[in-house]
**Q** 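The structure follows.
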Amino acid sequence: MYTSGTTGKPKGILHTTGGYLTGTSYTHWSVFDLKDDDVYWCTADVGWVTGHSYMAYGPLANGATQVMYEGTPEKGRWWQIIQDYKVSIFYTAPTAIRTFMKQGREIPDGYDLSSLRLLGSVGEPINPEAYMWYREVIGGERCPIVDTWWQTETGQILISPLPGVTAGKPGSAMKALPGVAIDVVNDEAESVGKGNGGYLVVREPWPAMLRTLWGDDQRFKDTYWSRWEGLYFAGDGAKLDEDGDIWLLGRVDDVMNVSGHRLSTTEIESALVSHPKVAEAAVVGAADDMTGQAVCAFVILRDSAGDGGEDIVEELRRHVAKEIGAIAKPRQIMVVPELPKTRSGKIMRRLLKDVAEHREVGDVTTLADSTVMDLIKGKEGSAASED
Ligand code: 7RM
């Protein structure tokens, strides 16, 4: 499976039949608590690893009854499918959830979603705001949510609550699955312990782990195994809360450094999305003479917010300062109609960074819609605010 290349040249991830099938079938059964009478639906694009592991290999090995649907999620279409086929387990991405939030709850409210008993999320951190909406509007307050963390490289889910075993927390992927040795470490590879943040690593092998990069063993070693002896480096930042539960903070490459303070993309984006007028947000660190880097945010407003009003940019900057602290206050916020995403729904922050640093926009070939950057560049300068 090739990685989407959000940060560089795509990598050919080599999986093996035995390990990969063991890892995907076991986790598809345990994380989704699969029963004989379930109707399972994963909305992923089958070209994304999620489509491979959790539409093809895992569910088919388990003999699951499943819905497969190819097409754009027109308003109401997904809820119609759940209603018609009595889907009981539904697995989708936060980017889709936020799109539905943007359109308003009246649409799903028009369908009978009572067959659902379990909801899943995958692909990026699910903001607490989106989690609550998913639980209430789609899950009718009765379905547990499994926020599943994993990668093309891991092949299978490694971090997730288990329904009926682990209580969920909005925004946390909670615990490593049984047998999976996740840790959060500092630069010296020491466990940071409860209440602290650092790098997400895996200390022991797991069944569906990648075996190498296709045709490039050296790059495999350099990318995943060179930072610390014997630890798999996932490339994500994470923190452990006081209970030892895991919160993913986004890619380490995307961490911003503002006047010596390390800020995570996830936390600032979640603060923006918690504002009632905001549907989606992406933040990047842009070079700044004063502070080294400055926070630049791109936001999509909810349909109900109209154009947000004259003072929307100031309102949002103050909101972030209130939620996180003055250090995280964006230097600049741009209200945009779309964000640049891959087909798997991941925001390509490097393109937004190009805009924020007033550069020619880089390679857009892996975008789901390559015209999006023109829309964003068209907005440049219109909603900037600096102090
Ligand atoms: C399954 C998939 C992998 C990267 C990974 C993370 C991010 C995925 C979550 C998540 C927070 C999650 N494979 N990621 N799931 N971050 N919470 N539940 O997405 O190879 O395409 O991407 O996606 O940064 O490293 S992937």
Side-chain angles (χ1 to χ4, degrees), residues 1-8 10-15 20 23-24 27-28 31-32 42-58 91-98 119-128 130-131 134 145-161 166 168-177 180 182 184 197 199-202 208-210 213 223-224 232-239 245-255 264-267 269-270 273 282 341-350 366 368:
M1 284 294 301
Y2 279 84
T3 60
S4 57
T6 46
T7 49
K11 303 190 261 308
I13 306 295
L14 184 93
H15 282 297
Y20 181 74
T24 55
T27 51
H28 178 256
V31 171
F32 297 105
C42 169
T43 66
D45 182 310
V46 81
W48 180 24
V49 70
T50 304
H52 277 56
S53 297
Y54 296 107
M55 287 165 74
Y57 296 93
Y91 192 30
T92 196
T95 175
I97 297 167
R98 288 189 301 265
L119 303 175
S121 173
V122 58
E124 1 152 39
I126 177 164
N127 331 100
Y131 182 107
Y134 197 27
I145 297 178
V146 288
D147 176 4
T148 63
W149 180 90
W150 57 291
Q151 308 176 294
T152 309
E153 291 88 338
T154 70
Q156 61 172 96
I157 297 167
L158 294 189
I159 307 175
S160 173
T166 325
K169 287 179 190 171
S172 169
M174 303 301 291
K175 300 265 187 236
L177 294 184
V180 175
I182 293 285
V184 180
Y199 307 100
L200 190 78
V201 298
V202 194
M209 74 190 295
L210 77 169
L213 293 183
T223 309
Y224 306 103
Y232 170 80
F233 174 44
D236 281 12
K239 92 184 169 206
D245 293 324
I246 304 162
W247 297 71
L248 279 309
L249 296 176
R251 303 292 297 169
V252 170
D253 298 338
D254 291 331
V255 167
S264 104
T265 50
T266 304
E267 288 181 317
E269 288 165 8
S270 287
V273 173
K341 288 184 185 159
T342 64
R343 279 168 68 101
S344 60
K346 290 192 210 301
I347 299 167
M348 293 188 74
R349 290 187 183 74
R350 68 172 169 80
T366 56

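Ligands are counted one by one from 1 in listed order, and the atoms in each one are counted from 1 as well.
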**Q** For ligand 1, which atoms have a heavy atom of R251 less than 4.0 angstrom away?
**A** 24 (O), 25 (O)
**Q** What I want to find out is whether R98 reaches E269 closely enough, with some N-O distance under 4.0 Å, to be called a salt bridge.
**A** no
**Q** Within the 4.0 Å heavy-atom shell around T148, which atoms of ligand 1 are there?
**A** 9 (C), 12 (C), 15 (N), 18 (N)
**Q** Look at the side chain of S270 and the backbone N and O of E267, then say whether any donor-acceptor pair between them is shorter than 3.5 Å.
**A** no
**Q** Looking at A93, is its backbone amide N or carbonyl O close enough to the side chain of S121 to form a donor-acceptor pair, meaning the two atoms are under 3.5 Å apart?
**A** no
**Q** Examine ligand 1 and decide if any of its atoms is less than 4.0 Å from a heavy atom belonging to V122.
**A** yes
**Q** Filter on salt bridge (charged side-chain N to carboxylate O under 4.0 Å, His left out), then keep only pairs touching residues 44-55, sequence neighbours left out; what's left?
**A** D45-R343
**Q** Counting only heavy atoms closer than 4.0 Å, does ligand 1 sit against the backbone of E124, its side chain, both, or neither?
**A** backbone
**Q** May I ask whether A173 has any heavy atom positioned less than 4.0 angstrom from an atom of ligand 1?
**A** no
**Q** Mark up the atoms of ligand 1 that fall under 4.0 Å of a heavy atom belonging to V49, in ascending order.
**A** 13 (N)
**Q** Any idea which of I157, D147, T342 brings a heavy atom closest to atom 18 (N) of ligand 1?
**A** D147
**Q** Can you figure out which of W247, Y2, W149 has its heavy atom closest to atom 10 (C) of ligand 1?
**A** W149
**Q** Does atom OH of Y57 have more than 12 heavy-atom neighbours, drawn from other residues, nucleotides or ligands, at distances under 6.0 Å?
**A** no
**Q** Out of T154, T50, D236, whose heavy atom is nearest to atom 6 (C) of ligand 1?
**A** D236
**Q** Ignoring hydrogens and angles, tell me if any N or O in the side chain of T27 forms a donor-acceptor pair with the backbone of T24 under 3.5 Å.
**A** yes
**Q** Classify the ring geometry of Y224 against Y232: parallel below 30°, tilted from 30° to 60°, perpendicular beyond 60°.
**A** parallel
**Q** List ligand 1 atoms under 4.0 Å from L248, heavy atoms only on the residue side.
**A** 11 (C)
**Q** Which residues satisfy the ring-ring contact (aromatic ring centres under 6.0 Å, His included) test with Y131, sequence neighbours excluded?
**A** none
**Q** Would one find an N or O of S121, backbone or side chain, under 3.5 Å from an N or O of ligand 1?
**A** no
**Q** Going by the atom numbers of ligand 1, which of them fall below 4.0 Å from some non-hydrogen atom of T152?
**A** 13 (N), 20 (O), 21 (O), 26 (S)
